[in-house]
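What follows is a set of notes on a single structure, which appears directly below.
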Amino acid sequence: MDVIFKIISNDPEFFLWAFGVINVLWGVFLYFNKKRHQRELINLKQSLDLDLERRKKVFEMKTAQYEDYFKNMDAMHNRHQNDYQEIVLPIINEFNAAYQRACDKNDSQAATEATIIFQEKIGKLTYDGFEEVQVIRSQTNTLRLTASDEVAQYLDELQELYDQLFQTSSKMVSDLIKVTIEGDQALAIENQNRLNELSEITKDKSLKLREQMRCDLKAI
């Protein structure tokens, strides 16, 4: 300590100047370090804000897509829940009446015409069903672009089930003539049982998809 004191005493002005310079440099360092720290905080805040905004937009987009998907599914189910009573049964009754009249008169041409009309009306039902399956397929493909792997898997499984439902419904429709004319109730029961089985599986899979979609949204 004495040695240091003697050195400083020999040239105090120099050491005052030196200490002054050091203090200035230290002050400059602290100033720019503070500025750099502030910039980093601002950049971090902006980055977090951007990430939050991005996640908000993704959440809103997915929520809208998922809600739209199930609204369409529910609307489709509601449209068709009374199809047999309101659409199919009147077609069958009309055919039965026309075909029976033709048979009573032994009019093969009228019987053929009744069968053709029946097939045309039934064919339209099949075509309308195919159109709806294509709408479901298109919406499923759109959802898969942004869905999680788990949601995409459920969507694919549901699409396969809707395809099977359409195929089974189409078979039921095409078998109506045989069931109606020949009274093949065993075939009608077989088709109905298969349709009921697929409907239950589809309902269960749909509930699982809803739950997975909720998890998907929570993870955003």
Side-chain angles (χ1 to χ4, degrees), residues 54-93 119 121-180 182-220:
R54 180 193 64 80
R55 291 168 65 185
K56 178 184 176 183
K57 289 182 178 179
V58 170
F59 179 86
E60 291 175 347
M61 178 191 68
K62 283 194 172 185
T63 299
Q65 287 180 330
Y66 292 167
E67 287 180 349
D68 188 51
Y69 176 83
F70 276 106
K71 281 181 181 177
N72 287 341
M73 295 303 104
D74 291 341
M76 184 183 69
H77 292 155
N78 291 335
R79 281 197 305 272
H80 299 298
Q81 62 180 352
N82 297 320
D83 275 3
Y84 181 78
Q85 293 294 330
E86 296 178 0
I87 300 176
V88 178
L89 191 57
I91 293 175
I92 293 175
N93 290 337
Q119 289 175 329
K121 291 184 176 181
I122 292 301
K124 185 179 183 305
L125 294 180
T126 302
Y127 177 78
D128 291 343
F130 175 76
E131 288 289 295
E132 289 198 326
V133 169
Q134 292 304 105
V135 171
I136 296 172
R137 188 184 306 280
S138 176
Q139 192 168 19
T140 296
N141 290 337
T142 299
L143 281 178
R144 291 186 85 265
L145 294 175
T146 56
S148 65
D149 291 342
E150 293 79 6
V151 169
Q153 179 65 32
Y154 279 122
L155 287 170
D156 289 343
E157 291 174 1
L158 266 175
Q159 182 61 57
E160 175 62 27
L161 285 169
Y162 281 120
D163 288 341
Q164 291 184 41
L165 281 168
F166 171 71
Q167 292 168 6
T168 302
S169 298
S170 298
K171 183 177 184 301
M172 287 184 68
V173 168
S174 65
D175 288 343
L176 278 176
I177 293 180
K178 183 176 182 180
V179 171
T180 303
E182 300 179 11
D184 192 344
Q185 294 303 313
L187 178 60
I189 293 172
E190 177 187 341
N191 287 336
Q192 187 62 53
N193 288 342
R194 177 56 178 163
L195 188 64
N196 292 341
E197 178 187 359
L198 286 172
S199 297
E200 287 301 313
I201 296 173
T202 301
K203 181 180 177 181
D204 179 67
K205 192 70 68 175
S206 180
L207 291 174
K208 290 179 179 178
L209 173 61
R210 287 178 190 263
E211 187 60 34
Q212 188 57 53
M213 282 180 170
R214 291 192 187 97
C215 294
D216 198 17
L217 292 174
K218 289 178 182 178
I220 295 176

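Note on residues 191-201: pairs passing salt bridge (Lys or Arg N to Asp or Glu O under 4.0 Å), not counting sequence neighbours, are Arg194-Glu197. For residues 141-154, the pairs satisfying salt bridge (Lys or Arg N to Asp or Glu O under 4.0 Å) are Arg144-Asp156, with sequence neighbours left out. For the salt bridge (Lys or Arg N to Asp or Glu O under 4.0 Å) condition, the pairs that include at least one residue of residues 122-133, sequence neighbours left out, are Arg79-Glu132, Lys124-Asp128.
The minimum heavy-atom distance linking Tyr66 with Asp216 is given by the pair OH-OD2, 2.6 Å. Residues Phe166 and Phe130 approach most closely at CE1-N, 3.1 Å, considering heavy atoms. Closest heavy-atom contact between Ala147 and Leu155: CB-CD1, 4.5 Å.
Counting heavy atoms from C-beta on, the side chains of Met213 and Leu143 come closer than 4.5 Å. Under the 4.5 Å side-chain criterion, counting only non-hydrogen atoms from C-beta, Ile91 is not in contact with Leu176. With a 4.5 Å cut-off on side-chain heavy atoms, Val179 and Asn191 do not count as touching. Side-chain contact between Leu187 and Lys171: present, with at least one pair of heavy atoms (C-beta onward) separated by less than 4.5 Å. Side-chain contact between Phe70 and Leu209 is present, with heavy atoms from C-beta onward closer than 4.5 Å.
For the salt bridge (charged side-chain N to carboxylate O under 4.0 Å, His left out) test, no residue two or more places apart in sequence or in another chain qualifies with Glu160. With sequence neighbours left out, the side chain to side chain contact (heavy atoms under 4.5 Å, CB included) criterion links Glu60 to Lys56. Scored by the side chain to side chain contact (heavy atoms under 4.5 Å, CB included) test, Asn93 finds Leu89 as partners (sequence neighbours excluded). By the side chain to side chain donor-acceptor pair (under 3.5 Å) test, Gln212 is found to be paired with no residue, residues two or more places apart in sequence or in another chain being considered. Evaluation of the side chain to side chain contact (heavy atoms under 4.5 Å, CB included) rule for Leu195 yields Leu165, Thr168, Ser169, Met172, Gln192, Ser199 as partners, not counting sequence neighbours. Here Asp184 pairs with nothing under the side chain to side chain donor-acceptor pair (under 3.5 Å) rule; sequence neighbours left out. Partners of Lys57 according to the side chain to side chain donor-acceptor pair (under 3.5 Å) rule, which considers only residues two or more places apart in sequence or in another chain, do not exist here. In this structure Glu67 satisfies the side chain to side chain contact (heavy atoms under 4.5 Å, CB included) test together with Thr63, sequence neighbours excluded. Applying the side chain to side chain donor-acceptor pair (under 3.5 Å) criterion to Glu211, with sequence neighbours excluded, gives Arg214.
There is a side-chain donor-acceptor pair under 3.5 Å between Gln159 and Asp163.
A distance of 12.0 Å separates OG1 in Thr140 from CD in Glu157, rounded to the nearest 0.5 Å. Rounding to the nearest 0.5 Å gives a distance of 9.0 Å between CG of Asp68 and CE of Met73. Rounding to the nearest 0.5 Å places CG of Leu198 at 12.0 Å from OH of Tyr162. Note that CD of Gln139 and CG of Asn72 are 4.5 Å apart. Values are rounded to the nearest 0.5 Å.
Judged by distance alone, with hydrogens and angles left aside, the side-chain atoms of Lys62 form a donor-acceptor pair with the main-chain N or O of Thr146 at under 3.5 Å. Not a single donor-acceptor pair under 3.5 Å links the side chain of Ser138 to the backbone N or O of Val135.
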